[in-house]
K.L.:
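Structure incoming, see below.
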Amino acid sequence: MHGSLPVENAGSVPLCLFIEPYGEDFWLEPGEAVTVSPVGDGIDAQFAVSVAAELVSVWLYEDGDPNKVISES
């Protein structure tokens with residue numbers, strides 16, 4: 001599998017991690033970390049990340065093509 005994105009909550013309050021395009025949310029407590037990656041092998045994932053106060057949104061794209069959103073992550 002290619003392409004993964006580690007996300008760590010280095011803050012002092014819970015952090016919401018949104019995985020798009022389906023709006024799945026995961027709450028990370030301070031000090032918690034996860035790795036965002038596609039489910040399938042052989043997918044070269046690239047990421048678009050948006051950050052706001054206490055919120056991180058991540059879009060996964062196959063081969064960096066914004067028309068090829070990876071829907072299973």
K.L.:
Measuring from S50:OG to W59:CH2, what's the distance to the nearest 0.5 Å?
P.N.:
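Here the rounded value is 9.5 Å.
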K.L.:
Check whether any side-chain heavy atom of F26 sits under 4.5 Å from a side-chain heavy atom of I19, and report yes or no.
P.N.:
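Yes; the side chains approach each other to less than 4.5 Å.
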K.L.:
To the closest 0.5 Å, what do you measure between OG (S37) and CG (L60)?
P.N.:
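Atom-to-atom, S37:OG and L60:CG are 8.0 Å apart.
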K.L.:
Find out whether V56 and F18 are in side-chain contact, i.e. whether some heavy atom of one side chain is under 4.5 Å from a heavy atom of the other.
P.N.:
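Side chain of V56 against side chain of F18, heavy atoms only: no contact under 4.5 Å found.
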K.L.:
With clusters defined by side-chain heavy atoms of hydrophobic residues (ILVMFWY) lying less than 4.5 Å apart, directly or transitively, does V51 cluster with V34?
P.N.:
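Yes; tracing contacts between hydrophobic side chains, which count when under 4.5 Å, links both residues.
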K.L.:
Hey, what do you get for CD (E8) to OG1 (T35), rounding to the nearest 0.5 Å?
P.N.:
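Rounded to the nearest 0.5 Å, the CD-OG1 separation comes to 10.5 Å.
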K.L.:
What's the shortest heavy-atom distance between E29 and P14, and which atoms?
P.N.:
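Here E29 and P14 meet closest at OE1-CG, 3.8 Å.
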K.L.:
So, the side chain of N9 versus the backbone of L28: is there a donor-acceptor pair under 3.5 Å, distance only?
P.N.:
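Pair found, side chain donor or acceptor close to backbone of L28.
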K.L.:
Assess the residue pair E54 and V13 against the criterion (side chain to side chain contact (heavy atoms under 4.5 Å, CB included)); give the C-alpha distance rounded to whole Å, side-chain angles, the decisive distance to 0.1 Å, and a yes or no.
P.N.:
CA-CA 8 Å; E54 301 167 13; V13 297; 3.6 Å; yes
K.L.:
Out of curiosity, L17 CG to W27 CH2, how far, rounded to the nearest 0.5 Å?
P.N.:
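Answer rounded to 0.5 Å: 10.5 Å.
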K.L.:
Heavy-atom distance under 4.5 Å between the side chains of V36 and F47, does that happen here?
P.N.:
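Sidechains of F47 and V36: in contact.
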K.L.:
Roughly how far, to the nearest 0.5 Å, is CG of L15 from CG of D25?
P.N.:
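Between D25 CG and L15 CG, I get 11.0 Å after rounding to 0.5 Å.
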K.L.:
Ignoring hydrogens, what is the shortest heavy-atom contact between P30 and G11? Give both atom names and the distance.
P.N.:
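Closest heavy-atom pair between P30 and G11: CB-O, 3.3 Å.
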